[in-house]
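Step one of this worksheet: look at the structure below.
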2 protein chains.
Amino acid sequence: MTEDRPPLTRERIIEAAFAIVDEAGVDRLTMRMLGERLGVDPMAVYHHLPNKAAVLDGIVEHLWGGVELPAPSDGESWQFVIGEVFRAFRRRLLAHPRAAPVVGTRPAVSPAMLALVEGILARLHRAGFAGRDAMVLIDCLAGYTIGKVLAETSAALGDEATGPVAAALATVTPQTHPFLVREIAGGYALAPDDQFERGLAALIGGWSD
Amino acid sequence: MTEDRPPLTRERIIEAAFAIVDEAGVDRLTMRMLGERLGVDPMAVYHHLPNKAAVLDGIVEHLWGGVELPAPSDGESWQFVIGEVFRAFRRRLLAHPRAAPVVGTRPAVSPAMLALVEGILARLHRAGFAGRDAMVLIDCLAGYTIGKVLAETSAALGDEATGPVAAALATVTPQTHPFLVREIAGGYALAPDDQFERGLAALIGGWSD
DNA sequence: GGGGCTCCTCTACGGTGTAGAACATTTACC
DNA sequence: GGTAAATGTTCTACACCGTAGAGGAGCCCC
């Protein structure tokens with residue numbers, strides 16, 4: 001029974017949990033499954049994390065921690081900097097669509113997230129952001145980005161979504177929804193990236209500093 | 001056993017489910033609890049809805065359905081109209097903070113939501129919105145609003161949040177997070193309503209039509 | 001060598017979503 | 001009016017969930 005196994009740590013546990021969620025979705029993340037993946041009794045996890053919610057919070061932190069600030073360059077505007085940051089954040093979330101819902105549902109504050117915010121503030125300052133409420137700007141952009149990604153992912157990998165969604169869409173006719181039909185026919189099919197970019201530009205460009 | 005009971009319908013079920021979520025939170029919504037509240041065997045629900053996910057989707061639809069367009073008035077700008085719509089949407093969500101996470105996590109398309117979108121499009125048209133991508137604007141504002149409300153509610157009624165959140169905040173010092181500390185000291189405590197308003201104004205004002 | 005500590009395992013409990021059969025009650029039809 | 005089908009409800013049962021609580025294995029220090 002003395003199989004050589006790397007020691008259990010909070011980090012290893014969260015990595016394994018993240019992998020499970022990433023591959024199979026949140027509701028397949030089970031303490032039993034987690035234990036199996038770590039080659040350990042499920043209950044062993046409880047010596048490193050108090051409960052399953054803490055595991056989920058660890059995943060959220062793991063995601064925030066992976067966001068990288070853009071390489072600084074001279075003469076960059078704060079608008080460019082903040083835009084790049086949230087483009088990177090969105091990329092990070094979309095790379096793990098099954099994990100994205102977790103980020104939306106659990107409180108976000110964690111060391112990794114605070115470190116990122118501090119980094120953003122420093123970069124904004126460096127780029128000459130004059131406004132006094134940089135935090136509000138960051139919060140608004142974070143909300144926008146998460147909300148948009150949630151809509152995107154839950155629509156994309158909508159499990160059984162096809163059922164009710166298709167049924168609802170079937171009721172859309174030029175008679176019942178004239179404006180909607182015209183909108184769709186007029187080429188609403190803007191790619192998600194472009195949609196995001198559109199709102200991002202508006203939010204940043206319209207910010208009164 | 002012939003107790004007189006109003007007949008079970010999809011609507012009554014979803015109302016009951018919504019009430020449970022609203023009062024006790026999503027994870028207290030149980031098929032057994034739902035049955036009990038309806039005075040019925042839990043399994044009876046399955047003759048009106050295929051599974052629990054459908055119950056949740058019903059709740060989402062219920063929330064969308066309750067959003068009311070502002071009373072039309074002459075000479076109103078499209079900026080005003082769309083702003084009012086999403087102010088109303090946010091109010092609707094915040095009135096049921098425990099139900100808000102569900103809206104963020106399940107695909108949104110439903111008859112009620114499509115009807116609302118159709119209504120918004122009509123009002124935008126009436127108010128002289130000239131742009132061709134009204135749907136993109138709506139999507140961006142919906143993302144922003146939901147994202148912001150999620151952050152607000154998950155922070156507000158953060159169950160055990162106090163634990164890890166407080167721990168993370170305790171690591172914030174002027175040495176480790178100089179910019180963050182300055183920001184907080186400088187009066188970051190902008191009320192949530194004002195924060196939302198700030199981003200809303202930017203997003204709408206910065207929209208290039 | 002032995003006591004304590006840390007990490008892990010085992011067993012068990014109450015609760016979950018829901019499949020499948022049985023039952024009751026209403027409706028449809030000749 | 002009798003019978004068959006359809007419909008809505010209940011009962012029972014199953015596999016699985018998070019986790020409490022008691023124990024066991026290996027280590028370190030005195």
Side-chain angles (χ1 to χ4, degrees), chain A residues 1-21 23-60 98 101-102 105-106 158-161 163-164, chain B residues 1-21 23-60 98 101-102 105-106 158-161 163-164:
Chain A
M1 280 302 183
T2 70
E3 21 159 351
D4 257 336
R5 167 168 46 65
L8 217 49
T9 62
R10 198 190 105 103
E11 244 179 53
R12 272 199 357 107
I13 292 173
I14 286 168
E15 256 168 50
F18 178 68
I20 292 173
V21 170
E23 293 163 15
V26 210
D27 37 45
R28 296 286 274 281
L29 174 61
T30 288
M31 298 309 269
R32 284 163 172 84
M33 185 135 194
L34 188 52
E36 191 181 331
R37 185 160 195 132
L38 292 162
V40 130
D41 186 277
M43 291 307 287
V45 171
Y46 287 86
H47 268 261
H48 303 264
L49 290 162
N51 49 38
K52 189 180 177 180
V55 177
L56 290 173
D57 288 343
I59 292 177
V60 174
R98 291 176 215 271
V102 188
T105 355
R106 313 267 338 153
D159 16 338
E160 71 293 52
Chain B
M1 281 297 182
T2 71
E3 20 157 353
D4 258 335
R5 163 168 48 66
L8 217 48
T9 62
R10 198 189 105 102
E11 243 179 54
R12 273 196 359 105
I13 292 173
I14 285 167
E15 256 167 52
F18 177 70
I20 293 174
V21 171
E23 292 163 16
V26 211
D27 37 45
R28 294 288 271 281
L29 174 61
T30 286
M31 298 309 269
R32 283 162 173 85
M33 185 139 195
L34 188 52
E36 190 182 330
R37 185 161 196 132
L38 291 161
V40 128
D41 185 278
M43 291 307 286
V45 172
Y46 286 86
H47 267 262
H48 302 266
L49 291 162
N51 49 40
K52 190 179 177 182
V55 177
L56 291 173
D57 288 343
I59 293 178
V60 174
R98 289 175 216 271
V102 188
T105 359
R106 312 267 341 153
D159 14 339
E160 72 293 53

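Side chains included, hydrogens not; waters and symmetry mates left out as well; all remaining heavy atoms used. Chain letters run A, B, ... following the sequence lines, proteins first and then strands; every chain starts at 1.
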Quiz item: Between atom CG in B:Asn51 and atom P in C:dG17, what is the gap in whole Å?
Solution: 11 Å
Exercise. In whole angstrom, give the distance that lies between atom CG of A:Leu8 and atom C1' of D:dG26.
Key: 16 Å
Quiz item: Are A:Val26 and A:Arg98 close enough that some pair of their side-chain heavy atoms sits under 4.5 Å apart?
Solution: no
Practice problem: Measure from the side-chain N and O atoms of B:Thr30 to the backbone N and O of B:Met33, and report whether any donor-acceptor pair falls under 3.5 Å. | Solution: no
Self-check item: Rounded distance (Å) that lies between atom P of D:dA15 and atom CE of A:Met33
Solution: 19 Å
Exercise. Take atom NE2 of B:His47 and atom P of D:dA6, then tell me their distance rounded to the nearest Å.
Key: 14 Å
Self-check item: Minimum-distance pair of heavy atoms, taken over all atoms of B:Tyr46 and B:Asn51
Solution: CE2-CA, 3.9 Å
Exercise. Return the value, rounded to whole Å, for the distance between atom CD of A:Glu36 and atom P of D:dC16.
Key: 12 Å
Quiz prompt | Whether B:Arg12 side chain and B:Pro7 backbone form a donor-acceptor pair below 3.5 Å | solution = yes
Quiz item: Which residue pairs satisfy the side-chain hydrogen bond (donor to acceptor under 3.5 Å, both in side chains) criterion with at least one member in residues 31-43 of chain B, sequence neighbours excluded?
Solution: B:Glu23-B:Arg37
Quiz item: Looking at B:Ile13, B:Val40, B:Ile14, which one forms a side-chain contact (heavy atoms from CB on, under 4.5 Å) with B:Leu34?
Solution: B:Ile13
Quiz item: Is there side-chain contact between B:Leu29 and B:Leu56, with heavy atoms separated by less than 4.5 Å?
Solution: yes
Quiz item: When the distance from CG of B:Leu34 to C1' of C:dG17 is rounded to whole Å, what number comes out?
Solution: 12 Å
Quiz item: Of all heavy-atom pairs between A:Leu8 and A:His48, which one has the smallest distance, and what is that distance?
Solution: O-CE1, 3.0 Å
Self-check item: Nearest-neighbour nucleotide for the A:His48 side chain, D:dT9, C:dC7, D:dT19 considered
Solution: C:dC7
Quiz item: So which of residues 13-21 of chain A are in contact with DNA chain D, with a heavy-atom cut-off of under 4.0 Å?
Solution: none
Between protein and nucleotides 11-16 of chain C, what N or O pairs are separated by less than 3.5 Å?
unit_1 : atom_1 : unit_2  : atom_2 : d
C:dT16 : OP1    : B:Thr30 : OG1    : 3.0

